[in-house]
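What you see is a predicted model, and the numbers here were worked out from it, not measured in a lab. Residue numbers count from 1 along this sequence.
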Amino acid sequence: MSIAFLKGHGTQNDFVIVPDPDNAVQLSPSAVAVLCDRRAGLGGDGLLHVVRSAAHPEAAHMAGEAEWFMDYRNGDGSVAEMCGNGVRVFAHYLQRAGHVEAGDLAVATRGGVKRVHIDKSGDITVSMGKAVLPEDRATVTVGEHSWPTYNVNMGNPHAVAFVDDLDQAGDLFTAPATAPAGVYPEGVNVEFVVDRGERHVAMRVHERGVGETRSCGTGACAVAVATARRDGLDPARTGSPVTYTIDLPGGRLAITERADGEIEMTGPAVIVAEGEISSEWFETLDA
């Protein structure tokens, strides 16, 4: 026997995809970590376990709303609620496999049911929820440079700093210092942003516990909201949506904040390879 897999990415946030409609493949944390290892396994920032909602105990209650459940795992094997770039790749896989067609669909995640739209052009839009802007503000420091930040929560915390040059962010191997410490007691994702044009910015991000990544969907959403507020734009007050183009190291995303506060992320998803994992090797992963 063998286990099917695919490899895909969304703006170079890359994933191992394991199709398993009946939830028959047991994926332990250690097995996921090896599969995502770039030397010992297939390599990926995370793993997308594709399961029918009705077949998974964590998603059965959502089966009436969403046929498919994205059982997402981080690259270290830990379970995660959601991944914005991952949802785009997940939806692209479902379409490629013939499970869904272009148009609207719902995807069950541990963070709830996410609304997705697959455009005939290939771009995929994901509804990411609403941003919360806590009143507490912080300062981020890298070397001799310090900047005030916008505090944006997209279900996870973000500190957004506007800089003159993205190189000022340093190597981002280690977490930039934020103060006061009490603003982000559990750590924070830090985005550094420069202007590229009208409603167009570029960013780099340090994801807490990871370091710099090629793309961060929630980070791009946080940057769009922070930039809109800096520019004096608030769709909830004006009644008009606002869209920003966000350039990340791994590609480009379009982020729209609607008048009702919902954030929509639009971008590409790519499948680059598919194959089979030998069952003999897979069974050794927990040995």
Are [Y] and [X] connected into the same hydrophobic cluster when the rule is that any two of I, L, V, M, F, W, Y join if their side-chain heavy atoms are below 4.5 Å apart?
{"X": "V34", "Y": "V18", "answer": "yes"}
{"X": "L6", "Y": "L42", "answer": "no"}
{"X": "L248", "Y": "L172", "answer": "no"}
{"X": "V51", "Y": "V79", "answer": "no"}
{"X": "I3", "Y": "F5", "answer": "yes"}

Please examine the side chains of [Y] and [X], heavy atoms only from C-beta on, and report whether any two atoms are closer than 4.5 Å.
{"X": "D119", "Y": "T125", "result": "no"}
{"X": "T149", "Y": "V160", "result": "no"}
{"X": "V89", "Y": "C83", "result": "no"}
{"X": "Y184", "Y": "V190", "result": "no"}
{"X": "D123", "Y": "P268", "result": "yes"}
{"X": "H49", "Y": "Y72", "result": "no"}
{"X": "I277", "Y": "L35", "result": "yes"}
{"X": "F162", "Y": "P148", "result": "no"}

- Message: If you apply the rule side chain to side chain contact (heavy atoms under 4.5 Å, CB included), what do you find for M128 with T218, and how did you get there?
- Response: CA-CA 8 Å; M128 297 288 288; T218 58; 3.8 Å; yes
Ignoring hydrogens and geometry, is there a side-chain-to-backbone donor-acceptor pair from [X] to [Y] under 3.5 Å?
{"X": "R204", "Y": "L166", "result": "yes"}
{"X": "R73", "Y": "L27", "result": "yes"}
{"X": "D260", "Y": "E262", "result": "yes"}
{"X": "R208", "Y": "A175", "result": "no"}
{"X": "N189", "Y": "H158", "result": "no"}
{"X": "D76", "Y": "S78", "result": "yes"}
{"X": "N153", "Y": "G155", "result": "yes"}

Non-hydrogen atoms of [X] and [Y] that approach each other most closely:
{"X": "M265", "Y": "G217", "result": "SD-CA, 3.7 Å"}
{"X": "H9", "Y": "T11", "result": "ND1-N, 3.7 Å"}
{"X": "N85", "Y": "S215", "result": "ND2-OG, 3.1 Å"}
{"X": "V16", "Y": "G43", "result": "CG2-O, 3.7 Å"}
{"X": "A66", "Y": "S53", "result": "O-OG, 2.8 Å"}
{"X": "C216", "Y": "E207", "result": "CB-OE2, 3.6 Å"}

Working to the nearest 0.5 angstrom, can you tell me the gap between [X] [atom1] and [Y] [atom2]?
{"X": "R96", "Y": "E274", "atom1": "CZ", "atom2": "CD", "result": "4.5 Å"}
{"X": "E212", "Y": "T174", "atom1": "CD", "atom2": "OG1", "result": "11.5 Å"}
{"X": "E101", "Y": "L94", "atom1": "CD", "atom2": "CG", "result": "12.5 Å"}
{"X": "L105", "Y": "E67", "atom1": "CG", "atom2": "CD", "result": "10.0 Å"}
{"X": "Q26", "Y": "F282", "atom1": "CD", "atom2": "CZ", "result": "8.5 Å"}
{"X": "T243", "Y": "L233", "atom1": "OG1", "atom2": "CG", "result": "11.0 Å"}

- Step by step, work out the side chain to side chain contact (heavy atoms under 4.5 Å, CB included) result for D231 and V242. CA-CA 11 Å; D231 294 345; V242 60; over 6 Å; no
- Message: If the threshold is 4.0 Å, N to carboxylate O, is there a salt bridge linking D14 and K7?
- Response: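 Looking at D14 and K7, the cut-off is met.
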- Going through the distances and angles, do F192 and W147 end up as a side chain to side chain contact (heavy atoms under 4.5 Å, CB included)? CA-CA 10 Å; F192 297 88; W147 304 270; 3.7 Å; yes
- Task: Validate the cation-pi geometry between R137 and Y150: distance from NZ or CZ to the six-membered ring centre under 6.0 Å, angle to the ring axis within 45°.
- Result: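 Yes - R137 lies over the ring of Y150, closer than 6.0 Å to its centre and within 45° of its axis.
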- For a salt bridge (Lys or Arg N to Asp or Glu O under 4.0 Å) with E257, tell me which candidate from R229, K130, R199 qualifies.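 Of all the options given, the one that passes is R229.
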Is there a donor in the side chain of [X] and an acceptor in the side chain of [Y], or the other way round, less than 3.5 Å apart?
{"X": "T238", "Y": "S240", "result": "no"}
{"X": "D45", "Y": "N13", "result": "yes"}
{"X": "H200", "Y": "D247", "result": "yes"}

- Query: Picking from V225, I246, V223, T245, what satisfies side-chain contact (heavy atoms from CB on, under 4.5 Å) with I255?
  - Reply: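 Running side-chain contact (heavy atoms from CB on, under 4.5 Å) over V225, I246, V223, T245 with I255 returns exactly one hit, I246.
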- Query: In this structure, which one of H145, M203, Q168 forms a side-chain contact (heavy atoms from CB on, under 4.5 Å) with V163?
  - Reply: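 For V163, the side-chain contact (heavy atoms from CB on, under 4.5 Å) test succeeds with only one of H145, M203, Q168, which is Q168.
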